[in-house]
Structures are given as structure tokens and as C-alpha cells.
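Structure first, then comments.
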Amino acid sequence: MLLVALFGTLTALGMTILACIQRPTRWQLLVGTYVIFYLVALVIDFVSLPSKALYSLITMNIIYGVFYLPLLLASSPKAKVEVERKSNSPFNFNLPRLNFGSKIAAWVLAILVVLGLFGSLQTRFGVKAVYDSLKVKTVKTAPLLDKSATPIAIAPETVRNKMNKAMSTVPNTSYYKLGALQTQVVKGKTVYIAPVEFDGFWRWQRARNTPGYFIIDATNVNAEPHFVKQSMKYTPSAYLFDDAQRVIYNRFPSWVQEGQPQLEVNDQGEPYFIQTVYKARGVSKRINYRSLHVVVLNAKTGATKLYTAAGAPAFINESIASSTAAEMNEIFGRYGNGFFNAYFNKTGVKLPNSNGTEDGVTPVADKHGNISYFNDFTSPKTSADSTMGYSMINARTGTLTYYTGKNIGVMDSDGAKKIAEKEYVAQKWSATMPIMYNIDGTPTWVVSLLDSTGAFRSYAYIKAADQSVKAYATTAAQALDQYRVQLAAAGSTASSTATKLTKVSGTVSRVAIVPNGSTQSVLFALKDNDVLWSVGTGDYPKAALLESGDKVKMTANVNKQAKTGAVQSFTNESFK
């Protein structure tokens with residue numbers, strides 16, 4: 001709307017200038033007006049980058065026609081007709097008659113308006129066809145989280161906090177700012193990367209190239225960002241013909257761009273900006289999720305190439321943008337039975353929560369190096385706080401896998417965040433990045449807790465079906481071990497977490513005391529025994545004094561699969 005207002009203002013200014021010319025002829029007025037109109041329209045197109053898809057062309061021409069047709073009429077000699085009343089009726093006038101050219105222009109504008117209206121209605125109400133283009137798989141059993149795997153990333157807020165502090169290492173740092181954060185797998189490791197971007201037009205004019213990007217290990221809370229020197233000419237923060245989005249638009253103008261260009265690097269560290277694109281359907285701007293493509297732009301040379309989303313080079317993990325994934329979840333959850341059902345009957349409707357870190361979804365990397373976007377779904381009832389399942393969208397293929405089974409009716413991501421924050425009300429820590437994992441057959445929420453500065457403080461593992469079973473720790477491995485002990489102590493009914501009360505005695509070989517929310521747990525191992533044992537200091541305060549070499553007797557619930565044991569009765573024979 002601002003662009004249209006600018007257009008109208010400049011056109012009016014042009015008309016005023018022309019009117020100041022001594023007695024301009026009709027043709028001078030017409031040609032001058034058209035030239036000004038054309039120049040202003042050129043500026044609008046240059047700034048807004050409208051796609052050359054049919055719907056965009058119709059829309060832009062309607063906007064231009066609304067402004068240009070009155071100017072065309074004003075320049076017509078037949079337009080200068082005195083408006084007189086035919087009778088005493090206040091609504092009966094002699095209106096100016098249109099000449100042939102004006103009639104043609106008016107008819108063309110009318111046809112465009114009808115086509116534009118049809119395209120808008122088809123886009124709005126024809127959502128079932130978009131739903132049918134989704135590649136959906138429904139699975140009742142979610143994949144298990146391997147005991148040795150810790151696919152849990154640092155919260156993006158923590159990463160940005162660290163990277164902003166490290167900006168002082170960038171040469172001429174006052175010229176630049178930190179760009180958008182991106183999750184990627186580089187050389188088998190899950191990392192966050194963020195480009196160094198220009199901080200305004202004059203900085204770009206002065207420097208012309210950005211110096212590089214930051215990279216940090218996404219699975220180690222103690223990791224520090226590393227600045228990689230890679231001069232980049234074509235970036236989203238550059239201007240004119242160095243703007244990454246404009247370069248992609250100039251090469252592929254008939255493709256509609258989804259989201260913003262995002263940085264990805266290959267295993268050699270060379271930077272590329274990638275852009276999700278698609279072809280609009282007919283007159284509408286409806287998307288076909290089965291034909292998503294990606295444009296890959298070399299940030300140094302400006303070379304571009306178009307690929308199918310799944311056929312992009314192997315180093316590209318997210319050829320489908322997070323904003324596109326969020327739209328896919330919305331279409332999948334809301335419009336499976338059509339537009340009107342989504343707002344009236346609501347049969348089969350499930351709404352995606354927006355607790356993710358990128359456009360409402362959260363990128364998750366598995367042990368095979370594949371990245372998927374996570375999101376959970378809840379009921380459209382405002383009073384509901386339980387999940388109806390969750391989705392994982394493959395960031396390369398676009399396949400949406402929807403997990404149900406034990407995930408139905410348990411706590412949703414909103415509830416998980418509230419439970420995690422309750423443990424640290426005094427500290428005012430905030431919960432972020434809730435992700436549901438299947439730990440030993442049990443749906444479990446994994447949440448990161450941050451302090452007011454955005455610094456990471458703790459992980460929280462919460463049983464989705466029982467909020468009383470939870471574990472807190474500063475490392476993912478510790479939190480996972482403690483949570484498994486909590487599952488064993490709770491006597492989970494899941495077959496994979498079935499426990500058995502066992503009498504045990506032995507000599508302590510290793511001891512660790514770890515905080516678990518407002519209490520503490522003593523984790524210890526026995527010689528010639530591969531089970532990790534846990535005893536709470538709330539029930540046995542002296543357990544905090546346990547040392548290596550102490551002889552103990554106890555009864556415990558043992559989970560043989562997870563190799564954990566929750567102590568029910570405890571005696572330290574070496575310290576009484």
C-alpha cells in the first residue's frame with residue numbers, strides 16, 4: 001500500500017509539473033503523463049519484485065490501471081464536457097462520453113478485475129487442491145531415541161546471544177550485523193550458521209562485500225562460535241543488483257519465491273544462498289507442494305542454478321524453507337475436508353501450535369544427518385491443552401510424517417513449556433524449543449530453559465502423559481540418564497520401560513550428584529555392574545555423602561533395556 005501511495009503522489013506531482021507548461025497540447029499532456037506513469041511503475045516493480053506468474057501480473061496491472069485510466073480520461077478532449085443537470089433530479093447529470101481508446105482501456109481493466117477476483121477467490125477457497133498436493137504419511141509408532149544419541153540442539157536465542165558477543169572479532173564490525181540463523185549438518189555435525197550482513201545502504205556502498213559467517217556446534221552448550229572468513233558479494237542485505245533475492249528474481253522471474261534466501265555452506269565451507277520457489281497454479285497463487293524447487297546462488301560469483309527440492313546438491317539440508325513447512329502444517333491440520341469445514345463443522349481439524357524456533361516450526365537433525373521440521377497439533381477447542389499428534393516434515397523431500405499412537409491425548413507443547421518453567425519461577429527462566437521424542441517407548445517433551453539474557457541454563461525432560469515424571473540437567477546426556485531413572489521409578493506401563501524390583505548389593509565405583517529441579521539425585525555405578533543407579537537425597541539425605549569404595553545394599557526398580565535403576569530402599573554399610 002505504501003508503494004501505491006508513493007505511485008499516486010509522484011503521478012500527481014508529474015501532472016502538476018505538466019500543468020505548469022504554457023498551454024501544453026493534448027498529446028504533450030498524454031505523452032508526458034504516460035512517461036511519468038511508466039517511470040513510477042518501473043520503480044515500483046524494481047522495489048517490490050512481483051513474480052511474472054499470471055496472478056501477480058493481473059494484480060499489478062489492476063493497480064496500474066486504476067491510476068492510469070483516470071489520467072487517460074482527463075487527457076481526452078471529450079472529457080472536458082460541462083456537467084449539467086438534465087432535470088430537477090439531483091442524480092441526473094450529463095456525464096462525459098468515453099472515446100474509443102478509453103473504452104478499450106476500461107474494458108481491459110474490467111476484465112482484469114474479474115480475473116483478479118476469480119484468482120483471489122480460488123486461492124482462498126480452493127485449499128482442498130493444495131491439501132491433496134501434500135505428501136503425507138501417518139505413523140502410529142514414533143522412532144525411538146537411541147541411548148547414545150542426543151539430537152538436541154542449543155536454543156537459537158542462546159546461539160544468537162553468543163554470536164552477537166563474538167561480532168567484535170569481525171573486521172570493521174560497525175559495518176555489519178548478524179544475519180538469520182540456519183540449522184545445517186556440515187561434515188556429519190549439526191551446527192548453526194549465520195551470515196554477517198550489511199548494516200544499511202551506506203555500509204554496503206562502502207564495503208560491497210561481507211567478510212564471512214559464524215558457525216557453532218549445535219549440540220554442545222559450552223561451544224563457542226567460530227568466525228569463518230569467506231568474502232560474500234551477493235547477500236540478502238546487499239542492495240541493487242548485489243541483492244541475493246533480486247539476483248534470483250532476475251534469473252527466474254516466473255517463479256514465486258517462498259520466504260527469504262538462507263545461507264548454507266558445503267563441506268569445504270563455501271557459502272551459498274538458497275531460495276525455495278514454486279510455480280503458481282493457473283490464475284490463482286495456489287502452491288503445489290509436490291513440485292517445490294530451490295534456487296542455489298553462489299554468494300561469491302553470483303552463479304545460480306535451479307533444482308527440484310529433493311534433487312538439490314547433497315550439502316543442502318533445507319531446500320524447503322521453514323516458512324513453507326509452517327504453511328504445510330496449516331494446510332494439513334486445517335483444510336483436509338475443505339475451507340468451509342475448517343471454520344464451521346471442524347470435522348477432523350487439528351491446529352498446529354506455534355512454539356517452534358523458525359516460523360513456528362523447529363528444525364531437528366537425526367543421526368543420519370537429515371533435517372526435519374517439528375510441530376505438534378492441538379484441538380481447535382480453546383479449552384483443550386492436549387496434543388493430537390505431531391508432524392516431522394523432511395526439509396529436502398517435503399514429506400510430512402504425522403505421528404499419532406501414544407502421542408494422542410497427552411500434554412501439548414504449550415503445557416510442556418509451562419511445566420518446565422514452574423520449576424524455576426523465582427529465577428524467571430523461560431522455556432523454549434519444545435520437541436517431542438520417543439524415549440524407551442514413552443512420548444517425552446524435551447525443553448530448553450533460558451535466563452533473561454537468552455543464555456542456556458538447563459534441559460527439561462517431561463513425560464507427556466504424566467507431568468510428575470520429569471528430569472532437569474545442564475547437559476543432554478545427564479538429563480536423558482536422569483529421565484530414564486525417573487521412568488523406571490514411576491514403573492512405566494510401556495513394554496520397553498517395564499521394571500522389576502530387584503535386591504542389589506555391591507561396591508560403588510563412580511558417584512555424581514546432579515540437580516533435578518528443586519532437589520538432587522545421586523547417580524552412581526557399582527563394580528562389575530553396568531546399570532546406572534539413582535537415589536534421591538529427599539528420601540535419603542546421607543546419600544549425598546556417598547563415595548567411591550562404599551559398600552551398599554538396596555532394592556531398586558531396574559529397567560534392563562535402558563540399564564537404569566531407581567533405588568527404593570538404600571543402606572550405605574560403609575557410612576551409617
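Considering all non-hydrogen atoms of both residues, A166 and F214 come closest at O-CZ, 3.4 Å. Counting all heavy atoms, side chain and backbone alike, V170 lies closest to P211 at CG1-CG, 3.5 Å. The minimum heavy-atom distance linking A244 with P236 is given by the pair CB-N, 3.8 Å. Nearest heavy atoms, Q184 versus V265: NE2-O, 2.6 Å. Among all heavy-atom pairs drawn from A325 and Y373, the shortest one is CB-CD1, 3.4 Å.
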For the pair Y461 and Q482, evaluate side chain to side chain contact (heavy atoms under 4.5 Å, CB included) and give the outcome as yes or no after the intermediate values. CA-CA 9 Å; Y461 281 59; Q482 287 189 54; over 6 Å; no
Step by step, work out the side-chain hydrogen bond (donor to acceptor under 3.5 Å, both in side chains) result for D359 and S323. CA-CA 5 Å; D359 299 298; S323 58; 4.6 Å; no
Show the numbers, then the answer: is there a side-chain hydrogen bond (donor to acceptor under 3.5 Å, both in side chains) between Q275 and Q245? CA-CA 8 Å; Q275 176 71 63; Q245 191 173 18; 4.9 Å; no
Going through the checks in order, is the side chain to side chain contact (heavy atoms under 4.5 Å, CB included) test met by V139 and T404? CA-CA 6 Å; V139 180; T404 57; over 6 Å; no
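Note: F315 and Y272 meet the aromatic proximity criterion, with ring centroids under 6.0 Å apart. Aromatic ring centres of Y424 and Y472 lie closer together than 6.0 Å. Under the 6.0 Å cut-off for aromatic ring centres, Y335 and Y131 do not qualify, their centroids lying 6.0 Å or more apart.
Screening residues 223-236 for side-chain hydrogen bond (donor to acceptor under 3.5 Å, both in side chains), with sequence neighbours left out, gives E197-T235, N209-S231, Q230-K300, T235-S237. Listed by first then second residue, pairs satisfying salt bridge (charged side-chain N to carboxylate O under 4.0 Å, His left out) with a partner in residues 325-334 read E330-R334, not counting sequence neighbours. Sorted by first and then second residue, the pairs that involve residues 452-461 and meet salt bridge (charged side-chain N to carboxylate O under 4.0 Å, His left out), not counting sequence neighbours, are D451-R457. The list of salt bridge (charged side-chain N to carboxylate O under 4.0 Å, His left out) pairs with a residue in residues 168-181, not counting sequence neighbours, is empty.
Of the listed residues (T362, N329, N353), just one forms a side-chain hydrogen bond (donor to acceptor under 3.5 Å, both in side chains) with D376, and that residue is N353.
The NZ atom of K137 sits 4.5 Å away from the OG1 atom of T401 when rounded to the nearest 0.5 Å.
Within the 4.5 Å cutoff, the side chain of I419 has heavy atoms near those of the K470 side chain. Considering only heavy atoms from C-beta on, S391 stays 4.5 Å or farther from F374 through its side chain. The closest side-chain heavy-atom distance from V552 to T571 is not below 4.5 Å. Residues I435 and M433 are in side-chain contact: their nearest non-hydrogen atoms beyond the backbone lie under 4.5 Å apart.
A donor-acceptor pair is defined here as one N or O able to donate and one able to accept, closer than 3.5 Å; such a pair exists between the side chain of D412 and the backbone of G415. Side chain of E421 to main chain of A431: a donor-acceptor pair is present (N/O by atom type, distance under 3.5 Å, no hydrogens or angles).
Residues that satisfy the ring-ring contact (aromatic ring centres under 6.0 Å, His included) test with F377, not counting sequence neighbours, are F332, Y402. Partners of N164 according to the side chain to side chain donor-acceptor pair (under 3.5 Å) rule, which considers only residues two or more places apart in sequence or in another chain, do not exist here.
Within a 6.0 Å sphere centred on NZ of K418, heavy atoms belonging to other residues, nucleotides or ligands number 12 at most. By the neighbour-count criterion of 12 heavy atoms within 6.0 Å, atom CZ of R510 is sparsely surrounded, having that number or fewer from other residues, nucleotides or ligands.
Between T399 and T397, the side chains place a donor N or O and an acceptor N or O closer than 3.5 Å (distance only, hydrogens not considered).
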